[in-house]
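A, B, ... follow the sequence lines: proteins, then strands. Residue 1 opens every chain. Quantities reported herein were computed from a predicted structural model and do not represent experimental measurements.
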Number of protein chains: 2
Amino acid sequence: MAAALALAERGRGRTAPNPNVGCVIVRDGRVIGRGWTQPGGRPHAEAMALAKTGAAARGATVYTTLEPCVHVSSRGPACADLLITAGVTRVVVALVDPDVRTDGSGIARLQAAGIDVATDMLAGAARRSMGGFLTRQKLGRPFVTLKLALSADGAVAMASGTSKWITGPEARAHAHLERARHEAILVGRGTMEADVPTLDVRLPGLQDRAPQRIVLSTSRHPGESGGIPAMEAERAPLADPSFRWGDGGAAWGSIARPADIATLAGVDHLLVEGGAQTAASFLHDDLVDRMLFYRASILIGGGRTLPDIGLTDLAAAHGRWSLHDTRRFGSDRLDIYERTRS
Amino acid sequence: MAAALALAERGRGRTAPNPNVGCVIVRDGRVIGRGWTQPGGRPHAEAMALAKTGAAARGATVYTTLEPCVHVSSRGPACADLLITAGVTRVVVALVDPDVRTDGSGIARLQAAGIDVATDMLAGAARRSMGGFLTRQKLGRPFVTLKLALSADGAVAMASGTSKWITGPEARAHAHLERARHEAILVGRGTMEADVPTLDVRLPGLQDRAPQRIVLSTSRHPGESGGIPAMEAERAPLADPSFRWGDGGAAWGSIARPADIATLAGVDHLLVEGGAQTAASFLHDDLVDRMLFYRASILIGGGRTLPDIGLTDLAAAHGRWSLHDTRRFGSDRLDIYERTRS
């Protein structure tokens, strides 16, 4: 199942509105088929893996990160039916599909055909792996990752606004890799105008993975209390729903308020890249699920830091985030925090 | 030698102006004596270890974190002579003593007596272990550790000043343990007046290890540029030179400027505990050797952060600090940074 989860990562940021699933087929202790959801969401992982095995799947065990689907689409048959036809004898599922079209009926159909089914293997990791799909199902919006590059004292820029560079080349390369795992990247209008960011993926072999670019078209009104930006009256056009992988991010989409991310078509993973005011807007509205804090071993002092996020009581700040993982990149470190939701 | 270095830690913060040394004596593959510098600086580690071995030291190997001394004091004989008299055959030294009264002559005396001497074993760890003594020798001031408790976004307090509590009980207990490893703790006048900190060691069995308390008697003048406090004209009395362990920190000492730490008698390890303005003053003057950043997995947003430290160029911020170690305390993490000095 761990191998299936690793395969699932290959589809992340490219399969919306479908989940990024991974599948491994094993017979006699040997892996005979591997598959993952293809860009655009089809073919599904199970279909890809079965295409590799051919007739060898008879009697095999299938590990899949999500319950096989039962709905027939114009783009392909139901995976549960494919598995029954292939004659597999056992299916191990990490997570039951919350999609109302499946939601246990995939497992039921497999069992009705005499296939042995086990569930909940590495379910937590599968939930993390398919966060985009699950957040869309549960909260009706993309899974939002906030990325910030910070000094050890928490500054995202000097007081002058200078932020090139806080982190080193290894950390910045990793941040580019993260871009390739998201359907869209969002920045604030200030960042767009000041930095004219390309927001592309500058990594060999991944240049065509540049996500859709979106700007939060808000402006901050002087004297406003709390530091949260006022929203512009006019509504900017939504992110281009006709966007497809390979377009190279030619156009910018825009939204007027953080909550408008729910309307972004084809975006299940959104990377919010800054600046600090935009980050605060999303945090204020509790629209961040994961934070990537790239911390440099430098001190800035008196720099720009995260503005007000609406916290009124220090006790209320606790219990909302957990430090999930930490990685080192040269002299920098990446801290990955996850929102704890019940 | 690693065992000797661990023993040396027992003396840290209690041996000034002497170094905190550790010593292990081994014969026939068995440890027959262990010693460390006693509170007040005497007896030395080698004398303590030899007191354990008695005649068994004949033919033994001695591991000591610092070159044995050759100077006879009213408080005891020279350790090199003690080792020669004991009849040890080999002495392994981590670090040659930079004290002009020794500086290689301890090794020379041992060798003249026919003892085999090796040096530079775990020298880096020994340098870290005796940072207080070595900083006093080299820079004429205590080794300064800056401790801050921070949110994930770098705030040391809410905008209102509230900072109880950012970190959890495990992290705070560790911070108390760090207090016991310093001869003195310093806070700014604002922290002293606002928080009335006891600055004691609230850990079972270590209550009598409360270090001397010192206040930085500076004030910040409104409208002053840069955020570095102006210094008061009058000079406050120096930290009490008659302070001894066990006094329980009854009196407060004070200094007027960060650079005045050089005048603190009997203090080779100084812990600067805050607030943010005091931290910035020490960093501005490049008087910090080590930083303990206790980071909570919380966001504050718009909180109080480290003020200006005189940085004018982002490139100049790099290369000054290295992340030496990281530890977890509950949901918090301690990041230990060390000043990189050539």
Trainee: What is the distance from atom CG of B:Leu186 to atom CG of B:Leu271, rounded to the nearest 0.5 Å?
Mentor: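 Going from CG on B:Leu186 over to CG on B:Leu271, the span is 9.0 Å.
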
Trainee: Please identify, among B:Ser297, B:Ala279, B:Gly154, B:Ala159, the residue contributing the most non-hydrogen atom pairs under 4.5 Å to chain A.
Mentor: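 Between B:Ser297, B:Ala279, B:Gly154, B:Ala159, the count favours B:Ser297.
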
Trainee: Considering only NZ, NE, NH1 and NH2 on the basic side and carboxylate oxygens on the acidic side, decide whether B:Asp286 and B:Arg320 come within less than 4.0 Å.
Mentor: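 Judged by the 4.0 Å cut-off on N to carboxylate O distance, B:Asp286 and B:Arg320 do form a salt bridge.
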
Trainee: For chain A, which of B:Asp335, B:Leu150, B:Val156, B:Leu148 has the most heavy-atom pairs under 4.5 Å?
Mentor: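 Most pairs with chain A among the choices: B:Asp335.
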
Trainee: May I ask you to name which of B:Thr162, B:Asp153, B:Thr305, B:Leu314 has the most heavy-atom pairs under 4.5 Å with chain A?
Mentor: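 Highest number of pairs under 4.5 Å: B:Leu314.
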
Trainee: If I measure from the heavy atoms of chain A, does B:Ala152 come under 4.5 Å with its side chain, its backbone, both, or neither?
Mentor: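 Both backbone and side chain of B:Ala152 come within 4.5 Å of chain A.
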
Trainee: If we only count heavy atoms from C-beta on, is the B:Arg12 to B:His269 side-chain gap below 4.5 Å?
Mentor: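 They are in side-chain contact.
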
Trainee: Any carboxylate oxygen within less than 4.0 angstrom of a Lys/Arg side-chain nitrogen, looking at A:Glu178 and A:Arg290?
Mentor: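 Yes, charged N to carboxylate O under 4.0 Å.
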
Trainee: Measuring heavy-atom distances to chain A, does B:Leu283 have an atom under 4.5 Å in its side chain, in its backbone, in both, or in neither?
Mentor: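 The side chain, not the backbone.
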
Trainee: Can we say B:Arg327 and B:Glu170 salt-bridge, meaning some charged N sits less than 4.0 Å from an Asp/Glu carboxylate O?
Mentor: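 Judged by the 4.0 Å cut-off on N to carboxylate O distance, B:Arg327 and B:Glu170 do not form a salt bridge.
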
Trainee: Need one label for B:Thr326: side chain, backbone, both or neither, based on atoms under 4.5 Å from any heavy atom in chain A.
Mentor: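 The answer is the side chain of B:Thr326.
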
Trainee: Measure distances from B:Asp332 to the heavy atoms of chain A and classify the residue's part below 4.5 Å as side chain, backbone, both or neither.
Mentor: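 Contact with chain A is absent: no heavy atom of B:Asp332 under 4.5 Å.
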
Trainee: Report which part of A:Ala315 has an atom under 4.5 Å of a heavy atom belonging to chain B: side chain, backbone, both, or neither.
Mentor: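 For A:Ala315, neither part sits under 4.5 Å from chain B.
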
Trainee: Which bit of B:Ser331 comes within less than 4.5 Å of chain A, counting heavy atoms only: side chain, backbone, both or neither?
Mentor: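 No part of it gets close to chain A.
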
Trainee: I'd like to know if B:Asp289 and B:Arg141 make a salt bridge, using a cut-off of under 4.0 Å between side-chain N and carboxylate O.
Mentor: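 Salt bridge flag = yes for B:Arg141 with B:Asp289.
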
Trainee: Which bit of B:Leu323 is near chain A, if near means a heavy-atom gap under 4.5 Å: side chain, backbone, both or neither?
Mentor: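 Interface part for B:Leu323: both.
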
